[in-house]
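Not measured: the values here are computed from a predicted model. Indexing begins at 1, ligand by ligand and atom by atom, following the structure's order. Nothing fancy with the numbering, it's 1 onward along the sequence.
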Amino acid sequence: MEGLMSLRATPRVSFQAIPSLNQISNFSVRRSIPRTQVDVHRNCIRAQQSETMSDSEENALKIKEWEVARFQDEIAATQGIKIRRRPSTGPPLHYVGPFEFRLQNEGNTPRNILEEIIWHKDIEVSKLKERRTLFTLKKALDNAPPTRDFIGALRAANLRTGLPGLIAEVKKASPSRGVLREDFDPVEIARAYEKGGAACLSVLTDEKYFQGSFDNLEAIRSSGVKCPLLCKEFIIDAWQIYYARTKGADAILLIAAVLPDLDIRYMTKICKMLGLAALVEVHNEREMDRVLGIEGIELIGINNRDLGTFEVDISNTKKLLEGERGQMIRQKDIIVVGESGLFTPDDISFVQEAGVKAVLVGESIVKQSDPGKGITGLFGKDISS
Ligand SMILES: O=P(O)(O)OC[C@@H](O)[C@@H](O)c1c[nH]c2ccccc12
């Protein structure tokens with residue numbers, strides 16, 4: 001037992017080597033490096049060195065990587081971000097006699113489902129990046145279908161119907177609700193949504209937790225469906241934005257609970273360059289205030305579901321649009337999207353009165369045998385013409 005206790009304490013030893021924020025005098029300089037850029041740099045060094053490195057050098061590099069990630073997490077924590085980013089190699093291994101093993105501790109066990117998804121995504125994206133470099137992706141952009149105006153489509157639908165523009169979600173399953181629809185044909189669902197009056201579509205691309213795919217996104221894009229498409233992915237690396245565009249996305253999602261301000265700034269700039277809309281998702285006042293402080297944000301989603309606990313409460317949308325926040329949003333002409341947990345015409349009226357001009361809906365419509373008719377049920381009237 002004593003032995004275990006001291007082993008448990010081992011990772012803290014390397015933590016102590018990390019300077020705390022107030023110990024770093026050039027903090028503002030370091031802070032200007034978004035997490036994604038640090039990752040790119042780290043991966044380059046690793047790629048160059050791995051062929052020639054000895055075991056002990058490699059282990060030292062792993063420890064450094066782990067420390068850099070802790071440093072990045074510290075910066076994120078100052079912005080209230082609780083989701084930690086794990087380096088793709090995981091924490092350093094501990095040697096015990098001839099055995100090598102990794103102890104479970106609070107540092108290497110995800111605290112909640114969102115953190116688990118992000119850690120898994122980190123590994124997934126590093127592998128994908130090895131197969132397709134940013135250079136090849138950039139070349140593939142020339143052959144990508146042209147972008148469609150996602151925000152324009154939401155505004156037009158709102159003007160046409162007097163109701164919030166609908167982003168209808170092509171969603172097979174979720175970690176909180178399990179499988180929503182067994183006979184899942186993404187293109188058929190997308191067609192039904194378009195016919196039922198959806199302004200835009202959201203297509204889940206995460207495979208492990210939502211049973212989605214980039215093939216679904218590509219298939220919908222090339223099926224003749226005209227609605228602009230949101231690539232519903234957990235974006236942690238700019239590479240994913242380029243990838244989404246090559247697969248036909250017109251918009252991407254940036255989650256404020258995961259991304260520090262500088263990443264959001266940097267990524268929204270990339271979106272503008274590529275002609276994509278960025279839907280920046282918030283869940284609480286602090287995230288909303290952070291996002292309202294970022295220049296150039298045009299589309300904010302208020303998620304009524306806490307991605308860490310799965311709790312859904314649609315009054316969250318109202319809470320975040322009250323008072324000065326609502327005023328600022330109107331001044332800046334930002335479109336707000338009410339997200340998650342919307343099932344009835346009353347729910348739609350409730351979030352509309354709170355100030356949203358668009359809604360993002362999955363479960364309640366994807367479950368219906370005809371998802372197009374599901375839209376009529378959701379709004380309490382036919383919104384297709
Ligand atoms: O199925 P619902 O409760 O109507 O929710 C749709 C959408 O808001 C939800 O899928 C969602 C909102 N933000 C996300 C981020 C990642 C994955 C999924 C989501």
N-O pairing of [X] and [Y] below 4.0 Å:
| X | Y | value |
| --- | --- | --- |
| Lys232 | Glu169 | yes |
| Asp313 | Lys319 | no |
| Glu194 | Lys226 | no |
| Arg84 | Asp73 | no |
| Arg265 | Glu295 | no |

Looking only at protein heavy atoms, identify the closest one to [atom] and say how far it is in Å.
| atom | answer |
| --- | --- |
| atom 17 (C) of ligand 1 | Phe210 CZ, 3.5 Å |
| atom 8 (O) of ligand 1 | Ser340 OG, 2.7 Å |
| atom 16 (C) of ligand 1 | Phe234 CZ, 3.4 Å |
| atom 7 (C) of ligand 1 | Glu169 OE2, 3.4 Å |
| atom 4 (O) of ligand 1 | Gly362 N, 2.8 Å |
| atom 14 (C) of ligand 1 | Lys232 NZ, 3.4 Å |

Under 4.0 Å from ligand 1, counting heavy atoms only, is it the side chain of [X], its backbone, both or neither?
| X | answer |
| --- | --- |
| Glu363 | both |
| Leu253 | side chain |
| Arg177 | neither |

Do Glu116 and Tyr209 get their side chains close enough for a donor-acceptor pair, meaning under 3.5 Å?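 There is such a pair between these side chains.
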
Compute whether any side-chain donor of one residue and acceptor of the other, for Ser349 and Asp346, lie under 3.5 angstrom apart.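 Absent: no donor and acceptor within the cut-off.
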
Rounded to the nearest 0.5 Å, what's the gap from CD1 on Ile302 to OG on Ser340? Could you check?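 If I round to the nearest 0.5 Å, the distance is 11.5 Å.
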
Tell me, please: is Val361 in heavy-atom contact with ligand 1, that is, under 4.0 Å?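 Contact present.
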
Would you say Ser364 contacts ligand 1, with heavy atoms under 4.0 Å as the rule?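 Checking ligand 1 against Ser364, which is what was asked, there is no heavy-atom contact under 4.0 Å.
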
When you compare ligand 1 with Leu204, is there at least one nitrogen or oxygen pair between them that comes in under 3.5 angstrom?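 N/O-N/O distance under 3.5 Å: no.
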
May I ask you to list the atoms of ligand 1 that are less than 4.0 angstrom from any heavy atom of Glu339?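 The list of qualifying atoms is 8 (O), 12 (C), 13 (N).
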
Ligand 1 atoms in contact with Lys171 (distance to a heavy atom under 4.0 Å):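 Every atom of ligand 1 under 4.0 Å from some heavy atom of Lys171: 1 (O), 2 (P), 5 (O), 6 (C), 9 (C), 10 (O).
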
Asn216 and Thr205: side chain to side chain donor-acceptor pair (under 3.5 Å), yes or no, with the steps? CA-CA 7 Å; Asn216 291 354; Thr205 51; over 6 Å; no

Just going by heavy-atom distances, which of Glu281, Glu233, Arg305 is nearest to atom 3 (O) of ligand 1?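 Of the listed residues, Arg305 has the closest heavy atom.
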
Main chain of Asp237, side chain of Gln240: is a donor-acceptor contact present, judged purely on distance under 3.5 Å?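 Yes; judged by distance alone, with no hydrogens or angles, the pair exists.
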
